[in-house]
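Following: one structure in structure tokens, then a few remarks.
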Amino acid sequence: MDVTELLQSASLLVPEEAATENDITVRDVWDHLAHDEWQIALSLLEELGDGSPLPLTFWEQLAEAAEELRLERSAAWCHWRCSEIRNGMVRADLTLRPASEARRRTPIAGHGVLRPMWDIGNLSPTGGAAVSIAGLWVEDMPFLEPGGRATVRLVPLTPSHWKHVGTGRRISMHENRTVAGTAVVLEIQLPATAVPTR
């Protein structure tokens, strides 16, 4: 499929009554598609997708369109959303330790590159703490400085490890044996049970 077909197909998966906070609807997307304004149409579809749960196919088609348009950040975001559907998502308020107290001296890239370890209360067979890996996306920021605070989205590598984690729970981020940051869980989305494919 070409970009237009991908965006048209994705837009058909958005409920007609869906609207963003700015009252953008799928009709606005179609207006931009009619004028070959693909990048704007893609952005509007991403915004519509943030408002209501949409199927995996929607995000796969947006990711493919973003790649065709060479929009790296949009493609990364759409692939990330595919991962959230497959593996679930934990949204949390993360505070990193200052550089003077932690190993990290550089900012964390905000677009899902880092996959740190998390102490979420699991125990190893010997009774010690067991960590679980989850990718990290920083909301509304290109990066997060040491000592900074932001809302983040976590995609568990092994979703079953995270079943017991609930909202309000305090979890610790690790990049080595020391605590790199602490987070409070704000929201949990379970993985899709039956993931449709194209």
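Remember, predicted model here, so these are calculated numbers, not experimental data. Starting from 1, each residue takes its place in the sequence as its number.
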A side-chain contact here means heavy atoms from C-beta on lying under 4.5 Å apart; do W118 and H174 qualify?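 Result no, sub-4.5 Å side-chain heavy-atom pair not found.
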So which heavy atom on L13 is nearest to which on P55, and how close?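 Of all heavy-atom pairs spanning L13 and P55, the closest is CD1-CG, 4.2 Å.
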Where I133 and R115 come nearest, the two heavy atoms and their spacing: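 Minimum heavy-atom contact is CG2-O, 3.7 Å.
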Rounded to the nearest 0.5 Å, what's the gap from [atom1] on [X] to [atom2] on [Y]? Could you check?
X: T57; Y: L62; atom1: OG1; atom2: CG; result: 11.0 Å
X: R104; Y: E145; atom1: CZ; atom2: CD; result: 10.5 Å
X: D31; Y: I24; atom1: CG; atom2: CD1; result: 10.0 Å
X: F143; Y: I108; atom1: CZ; atom2: CD1; result: 11.5 Å
X: E46; Y: R81; atom1: CD; atom2: CZ; result: 9.5 Å

Could you tell me how the ring of W59 sits relative to the ring of W77: parallel (under 30°), tilted (30 to 60°) or perpendicular (over 60°)?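 W59 and W77: perpendicular rings.
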Would you say CD of E187 has more than 12 non-hydrogen atoms from neighbouring residues, nucleotides or ligands within 6.0 angstrom?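 More than 12 heavy atoms, drawn from other residues, nucleotides or ligands, come within 6.0 Å of this atom.
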Among L154, V185, I188, which residue satisfies the side-chain contact (heavy atoms from CB on, under 4.5 Å) criterion with W162?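 For W162, the side-chain contact (heavy atoms from CB on, under 4.5 Å) check succeeds only for L154.
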Among V29, D2, L44, L45, which residue satisfies the side-chain contact (heavy atoms from CB on, under 4.5 Å) criterion with L7?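 Answer after filtering V29, D2, L44, L45: L45.
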Applying side chain to side chain contact (heavy atoms under 4.5 Å, CB included), run through Q8 and M1 and close with a yes or a no. CA-CA 10 Å; Q8 287 173 346; M1 281 196 257; over 6 Å; no
D50 side chain vs E47 backbone, donor-acceptor pair below 3.5 Å: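 The answer is no, because no donor-acceptor pair under 3.5 Å joins these two groups.
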Salt bridge (Lys or Arg N to Asp or Glu O under 4.0 Å) between R103 and E175, worked out: CA-CA 8 Å; R103 179 178 177 215; E175 293 185 88; over 6 Å; no
